[in-house]
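Encoded as structure tokens, the structure appears first; notes follow it.
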Amino acid sequence: MRKTKLFKFLLPSVAVTLSIALIGYLRPTKAQFSSVHLTLGNPSNAITSVSSPNNYLLSKAQYALSYSRDRGTPNWVSWQLNSSWLGSTPRQDDFRADTTLPTGWYRVTGSDYSGSGFDRGHMTPSADRTRTVTNNSATFLMTNMIPQSPDNNQGPWASLENYSRDLVRQGRELYIISGTYGIGGTGSNGTKYTITNGRVQVPNRVWKVIVVSNPGVGASGITTNTRVISVDLPNTQGIRNNDWRTYRVSVDSIELKTGFNLLSNVSTSVQSVVESRVDNL
């Protein structure tokens, strides 16, 4: 649920974030909620139009995302995770440019992060798409990547990804939204604001929202008792051994910092409860 005071906070990356939020207010929502990965909503009302270069919707079979041409990274990525997505397919490691981006846009390549000190950090994890080779390979498109500090990516972030799949193995279905905000992160080669000759912006924070539900219930099945896990992590070194639970926040706080309207397909009465709560399980 987006708050009316969201424009008061504005962090260093405000120019792009503000434009995304404004697009969400001004543009009519089109038929973009048919994707299972947008079951709980389209956080920025992203559209597949070159007139929206910094809030460009890419709807793939494996996930959906809002892409920023100027930042060279996704604003957010959203995906469903249940047992139907998991199998035994090995990691493909075929990092590559996304050729579905409009002609004339720079397409970040698999080697663009080389020597930067940052991991090619998946938003939708490779291990969340192991049913088929095609599904796993899709997670290696660079539109699904951000420059992520190794200690973040390989530490608490990876632990939370593993925990999410454990929940699925216990019979749960998850709807996950992940993204970034702010400018400037610290990798193994120090603090940087951009890489790839300025084509890719390095975020300051990395966040994730996980809605833990029962299979098949959809947005209407989300209630005030539904567990929602939200985390907000610094994109920095020195946190590899930290517990992901120490970074738990409310969905409201992430909305305030990003301008996104998360879980917008859930009833407003339910949103007001689950988005203000900080998970403590």
Side-chain angles (χ1 to χ4, degrees), residues 1 35-44 62-66 74-86 121-130 139 144 146 148 152-153 155-181 205-235 242-258 260-267 270-281:
M1 182 182 298
S35 169
V36 68
H37 307 301
L38 295 176
T39 295
L40 300 190
N42 180 330
S44 58
Q62 299 80 14
Y63 50 87
L65 66 95
S66 164
N75 302 304
W76 53 261
V77 182
S78 183
W79 67 103
Q80 179 198 63
L81 181 60
N82 57 35
S83 59
S84 73
W85 293 101
L86 301 180
H122 286 71
M123 292 287 88
T124 302
S126 163
D128 280 7
R129 294 291 182 258
T130 54
T139 69
N144 183 45
I146 64 162
Q148 195 167 4
N152 178 314
N153 186 38
W157 195 256
S159 296
L160 179 55
E161 291 175 342
N162 290 334
Y163 179 75
S164 299
R165 287 186 290 274
D166 286 343
L167 291 174
V168 171
R169 294 183 186 101
Q170 294 168 19
R172 309 312 297 275
E173 178 171 85
L174 311 183
Y175 287 96
I176 308 172
I177 312 166
S178 182
T180 68
Y181 68 90
R205 308 285 298 194
V206 187
W207 57 268
K208 180 176 286 188
V209 173
I210 304 168
V211 178
V212 185
S213 65
N214 293 318
V217 302
S220 62
I222 306 304
T223 73
T224 55
N225 293 321
T226 297
R227 185 183 183 191
V228 178
I229 305 167
S230 306
V231 296
D232 186 345
L233 285 74
N235 192 26
N242 292 2
D243 190 330
W244 63 263
R245 293 169 180 82
T246 64
Y247 298 103
R248 286 181 291 191
V249 297
S250 68
V251 175
D252 281 342
S253 73
I254 294 174
E255 288 186 326
L256 188 63
K257 292 166 183 173
T258 63
F260 298 146
N261 186 8
L262 303 172
L263 316 185
S264 59
N265 281 359
V266 175
S267 73
V270 172
Q271 284 186 62
S272 65
V273 175
V274 300
E275 292 188 359
S276 64
R277 193 166 57 209
V278 178
D279 179 68
N280 62 3
L281 296 182

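In what follows, every heavy atom counts, from backbone to side chain, and hydrogens, waters and symmetry copies are set aside. Just so it is clear, the model here is predicted, and its values are computed rather than measured.
- The two residues Glu255 and Leu262 have their closest heavy-atom pair at OE2-N, 2.8 Å.
- Atom CD of Glu161 is separated from atom NE2 of His122 by 9.0 Å, given to the nearest 0.5 angstrom.
- Within the 4.5 Å cutoff, the side chain of Arg205 has heavy atoms near those of the Pro234 side chain.
- Between Thr124 and the choices Asn144, Leu65, Leu81, the side-chain contact (heavy atoms from CB on, under 4.5 Å) rule is met once, by Asn144.
- Listed by chain and residue number, Gln80 satisfy the side-chain hydrogen bond (donor to acceptor under 3.5 Å, both in side chains) test with Trp85 (two or more places apart in sequence, or in another chain).
- By the 4.5 Å heavy-atom criterion applied to side chains, Val251 and Val274 are not counted as neighbours.
- Across all non-hydrogen atoms, the minimal contact from Leu86 to Thr130 is CA-OG1, 3.4 Å.
- Under the salt bridge (Lys or Arg N to Asp or Glu O under 4.0 Å) criterion, Arg227 pairs with Asp279, sequence neighbours left out.
- The shortest non-hydrogen separation linking Ser250 to Val278 is N-CG2, 3.7 Å.
- Within the model, atoms OG1 of Thr258 and CG of Asp232 stand 9.5 Å from one another, a figure rounded to the nearest 0.5 Å.
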Item to complete: Could you go through the side-chain contact (heavy atoms from CB on, under 4.5 Å) check for Leu263 and Ile177 one step at a time?
Response: CA-CA 9 Å; Leu263 316 185; Ile177 312 166; 4.2 Å; yes
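- Here the straight-line distance linking atom OG of Ser35 with atom CG of Asn42 works out to 9.5 Å at 0.5 Å rounding.
- For the pair Ser78 (side chain) and Ala64 (backbone), a donor-acceptor distance under 3.5 Å is absent.
- Within the structure, side-chain hydrogen bond (donor to acceptor under 3.5 Å, both in side chains) pairs that include any residue of residues 213-225 comprise Arg172-Asn214 (at least two apart or interchain).
- A search for side-chain hydrogen bond (donor to acceptor under 3.5 Å, both in side chains) contacts involving Ser126 returns Asn136, not counting sequence neighbours.
- Inter-residue side-chain proximity for Trp244 and Ile229 is flagged as met; some heavy-atom pair is nearer than 4.5 Å.
- Contact detail for Asn152 and Val206: the closest heavy-atom pair is ND2-CG2, 4.2 Å.
- For Arg129, the side-chain hydrogen bond (donor to acceptor under 3.5 Å, both in side chains) criterion is met by no residue, not counting sequence neighbours.
- Looking at Thr39 and Asn265, their side chains never come closer than 4.5 Å, going by heavy atoms from C-beta outward.
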Discussion item. Between Tyr175 and Ile222, is the side-chain contact (heavy atoms from CB on, under 4.5 Å) condition met? List the steps.
Written reply: CA-CA 11 Å; Tyr175 287 96; Ile222 306 304; 5.6 Å; no
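- Listed by chain and residue number, nothing satisfies the side-chain hydrogen bond (donor to acceptor under 3.5 Å, both in side chains) test with Asn235 (two or more places apart in sequence, or in another chain).
- A pairwise comparison of heavy atoms in Trp207 and Ile254 identifies CD2-CG2, 3.6 Å as the closest pair.
- Atom CE of Met123 is separated from atom OG1 of Thr180 by 7.5 Å, given to the nearest 0.5 angstrom.
- Note that CG of Asp243 is 10.5 Å distant from OH of Tyr163, once rounded to the nearest 0.5 Å.
- Note: Ser83 OG to Arg169 CZ = 11.0 Å, rounded to the nearest 0.5 Å.
- For the pair Asn261 and Gln271, the minimum side-chain heavy-atom distance is below 4.5 Å.
- Not a single donor-acceptor pair under 3.5 Å links the side chain of Glu173 to the backbone N or O of Asn82.
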Discussion item. side-chain contact (heavy atoms from CB on, under 4.5 Å) for Ser164 and Ile210? Distances and angles first, verdict last.
Written reply: CA-CA 8 Å; Ser164 299; Ile210 304 168; 3.3 Å; yes
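- Inter-residue side-chain proximity for Asn75 and Ser44 is flagged as unmet; no heavy-atom pair is nearer than 4.5 Å.
- Heavy-atom minimum distance, Arg248 versus Leu281: NH1-O, 2.9 Å.
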Fill in: Full working for side-chain contact (heavy atoms from CB on, under 4.5 Å) between Ser178 and Trp157
CA-CA 11 Å; Ser178 182; Trp157 195 256; 3.3 Å; yes
